[in-house]
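Everything below concerns the one structure shown next.
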Amino acid sequence: MSNLNNKFCGRPWEFLEIHEDGGLKVYNCCPNWVNHNHLGIMEYDTNFENVWNGEKSIEFRKSILDGSFKYCNKVECPMIQNGSLPKKDDIKLGKHGEFYKKIIEENVLISENADFINLCYDVSCNLKCPSCRPTFWFLNEKVNPIDYNLKKQFQIKLLDYLYKCTRPITVNITGSGDPFASKLFWEFLQSIDGKLNSNIKIHLQTNGVLFTEDNWNKLYKLHDNYMAAIISLDAGTEESYNYTRRGGDWNKLMKNLEFVSELYDNNLLKFVRLDCVVQNKNYKEIDKFINIAKKYNFNCYLSRIVNWGRGTYTEQEFKEHNIFDVTHPNHNDFLEKINQNFDYDKIDFGNLSEYKKS
């Protein structure tokens, strides 16, 4: 990892992620990538700007401008690991647009509304992946009516906010569960009328099992807006998938990918990416995973397994899955697998980049 003094990350000026953890906790990046340094807790009736440009937000932006990146996890952040952060010198020359140039030259610490919002405050999902949760979790009126209704009221305010945005704003649903399986998120998606604001862009982050033609048709009010899909496979074969994505259906997923590819080919989905969390159970089939993406000309993304602490792995169990530990008996074999020639130019190795030979 090179020195970061001359590097810049625009996320604290552009990105907002909302988690449920003693209230709606707000981050300007993936929580793990910033060592869970949150910006504040957004109560259900609070304006986004009160947290977005609060004291913690300003301090985080200062840490980027002074080159310390002191709130960032320099191991898990894929942009730091793969060296993709832009250089401040290049930004000053205008190579990355006027927005970044102005931030650096004028030491801008206040930002307009975020242009990317990642909704992660409902963990409802139709799968129980062992790296994520020990059982199925769902939120609805019967399970927890108070929490459900509070978040539903928040989404009404969020929808009003989105309709007022005067520049493009992307909403990613969801980094915490599945948008089709979550009653809360599914109702929210169906309530958005894209005709009321063409600036609204939607990213569907899903396991893909419920990404059917019937469900796609229920989102008809968004079909004229920009839409993209991120689909987690975590495997390259059915055998591994049955372990890494428990509760899923490989054959149904493969059928759904055919439908997704039709949407992509017809420009109804502007972007599609397949994801794989690499671990001991699946590292030997990284090439097979990439070949699935290659078949449809989809992008693909690789990342390392994380022990989320949701009642999933014990320390010893995680050690068995953590192929990135140099003491793992299969670590050298993993290095060989990750450095093979995949012959595909749409691969993002994310925070696995440090293991790629130059």
Side-chain angles (χ1 to χ4, degrees), residues 117-129 132-133 136-143 148 151-152 155-156 158-159 162 170-198 200-235 238 241-242 244-276 292-293 295-300:
I117 299 179
N118 191 20
L119 305 184
C120 301
Y121 49 81
D122 181 13
V123 298
S124 299
C125 188
N126 53 313
L127 305 186
K128 54 172 183 176
C129 305
C132 181
R133 61 195 70 198
F136 294 108
W137 291 338
F138 293 101
L139 174 64
N140 52 49
E141 306 99 314
K142 294 181 180 180
V143 173
Y148 175 81
K151 289 176 180 176
K152 191 168 183 178
Q155 290 188 159
I156 293 174
L158 174 60
L159 186 60
L162 293 176
T170 299
V171 183
N172 185 75
I173 308 173
T174 171
S176 57
D178 189 88
F180 299 102
S182 162
K183 190 174 191 297
L184 197 69
F185 287 143
W186 185 234
E187 289 176 339
F188 179 63
L189 278 166
Q190 292 180 90
S191 71
I192 304 174
D193 188 345
K195 292 181 179 179
L196 297 182
N197 191 349
S198 60
I200 299 173
K201 299 181 177 182
I202 299 294
H203 281 193
L204 296 169
Q205 188 170 355
T206 171
N207 57 56
V209 176
L210 298 176
F211 201 144
T212 62
E213 183 173 3
D214 181 55
N215 279 335
W216 170 259
N217 290 336
K218 292 177 181 177
L219 299 177
Y220 67 93
K221 290 188 290 185
L222 286 167
H223 287 180
D224 290 333
N225 290 57
Y226 178 102
M227 295 190 72
I230 299 172
I231 304 174
S232 298
L233 272 63
D234 291 354
E238 182 175 5
Y241 178 84
N242 288 339
T244 61
R245 307 254 94 191
R246 290 179 184 172
D249 186 320
W250 177 262
N251 293 323
K252 186 175 182 180
L253 175 61
M254 293 300 107
K255 180 181 178 180
N256 290 349
L257 289 184
E258 291 283 352
F259 172 65
V260 169
S261 74
E262 292 176 14
L263 297 177
Y264 183 56
D265 291 341
N266 291 312
N267 207 35
L268 293 171
L269 283 174
K270 309 298 183 183
F271 174 85
V272 179
R273 191 185 82 192
L274 304 185
D275 284 8
C276 182
I292 295 173
K295 175 181 177 181
Y296 300 111
N297 199 33
F298 295 159
N299 285 62
C300 58

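As the structure is a prediction and not an experimental result, all values here were calculated from the model. Both backbone and side-chain heavy atoms feed into the values below; hydrogens, waters and symmetry mates do not.
Among residue pairs with one or both ends in residues 250-272, those qualifying as salt bridge (Lys or Arg N to Asp or Glu O under 4.0 Å) are E258-K295; sequence neighbours excluded. For residues 209-235, the pairs satisfying salt bridge (Lys or Arg N to Asp or Glu O under 4.0 Å) are D214-K218, D234-R245, with sequence neighbours left out.
Every residue two or more places apart in sequence or in another chain that forms a side chain to side chain contact (heavy atoms under 4.5 Å, CB included) with N299 is listed here: F271, R273, K346. Judged as a ring pair (Phe, Tyr, Trp, His ring centres under 6.0 Å), and not counting sequence neighbours, Y226 has no contacts. Checked against side chain to side chain contact (heavy atoms under 4.5 Å, CB included), T174 has the following partners two or more places apart in sequence or in another chain: S176, P179, F185. For L196, the side chain to side chain contact (heavy atoms under 4.5 Å, CB included) partners at least two apart in sequence or on another chain are Y163, D193. Not a single side-chain hydrogen bond (donor to acceptor under 3.5 Å, both in side chains) links D249 to another residue, sequence neighbours left out. By the side-chain hydrogen bond (donor to acceptor under 3.5 Å, both in side chains) test, S182 is found to be paired with D122, residues two or more places apart in sequence or in another chain being considered. Remark: S232 pairs with no residue by the side-chain hydrogen bond (donor to acceptor under 3.5 Å, both in side chains) rule, at least two apart or across chains. Residues that satisfy the salt bridge (Lys or Arg N to Asp or Glu O under 4.0 Å) test with K152, not counting sequence neighbours, are E187. Residues meeting the side chain to side chain contact (heavy atoms under 4.5 Å, CB included) test with T170, sequence neighbours left out: F116, K201, H203. Y148 meets the ring pair (Phe, Tyr, Trp, His ring centres under 6.0 Å) test with no other residue; sequence neighbours excluded.
Atom SG of C120 sits about 7.0 Å away from atom CG of N172, to the nearest 0.5 Å. Here CD1 of I117 is found 10.0 Å from CD1 of I173. Values are rounded to the nearest 0.5 Å. For the atom pair CG (L210) and CH2 (W216), the distance works out to 15.5 Å, reported to the nearest 0.5 Å. Taken to the nearest 0.5 Å, the CG atom of L159 stands 6.0 Å off from the CG atom of L162. Atom CD1 of I192 and atom CD of Q155 lie 8.5 Å apart (nearest 0.5 Å). Atoms CH2 and CG, from W250 and N242 in turn, are 9.0 Å apart once rounded to the nearest 0.5 Å.
E238 is listed as a side-chain neighbour of N251, based on a closest heavy-atom distance under 4.5 Å. Annotation: side chain of L219 is not in contact with side chain of I202 (no heavy-atom distance under 4.5 Å).
With I231 as the partner, the side-chain contact (heavy atoms from CB on, under 4.5 Å) test is satisfied by one option alone out of D275, V209, N207, V260: V260.
Nearest heavy-atom pair across C125 and G177 is CB-CA, 4.1 Å. Closest approach of A235 to C276, counting heavy atoms only: N-SG, 4.0 Å. Counting all heavy atoms, side chain and backbone alike, H223 lies closest to L268 at O-CD2, 4.5 Å. Nearest heavy-atom pair across G208 and N256 is O-ND2, 2.8 Å. In terms of heavy atoms, K195 sits closest to N225 at N-OD1, 4.3 Å. Considering all non-hydrogen atoms of both residues, L184 and Y121 come closest at CD2-CE1, 3.8 Å.
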Would you sort out whether V272 and L263 count as a side chain to side chain contact (heavy atoms under 4.5 Å, CB included), showing the intermediate values?
-> CA-CA 10 Å; V272 179; L263 297 177; over 6 Å; no
Walk me through it: do K183 and E141 pass the test side chain to side chain contact (heavy atoms under 4.5 Å, CB included)?
-> CA-CA 9 Å; K183 190 174 191 297; E141 306 99 314; 3.2 Å; yes
Using the side chain to side chain contact (heavy atoms under 4.5 Å, CB included) rule, take T212 and F259 through it: C-alpha gap first, then chi angles, then the decisive distance, then the call.
-> CA-CA 7 Å; T212 62; F259 172 65; over 6 Å; no
CA sep, side-chain torsions, deciding dist, call: L274, L257, side chain to side chain contact (heavy atoms under 4.5 Å, CB included) = CA-CA 10 Å; L274 304 185; L257 289 184; 4.1 Å; yes
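For F298 and Y264, the gap between ring centers is short of 6.0 Å.
Side chain of D178 to main chain of N126: no donor-acceptor pair is present (N/O by atom type, distance under 3.5 Å, no hydrogens or angles).
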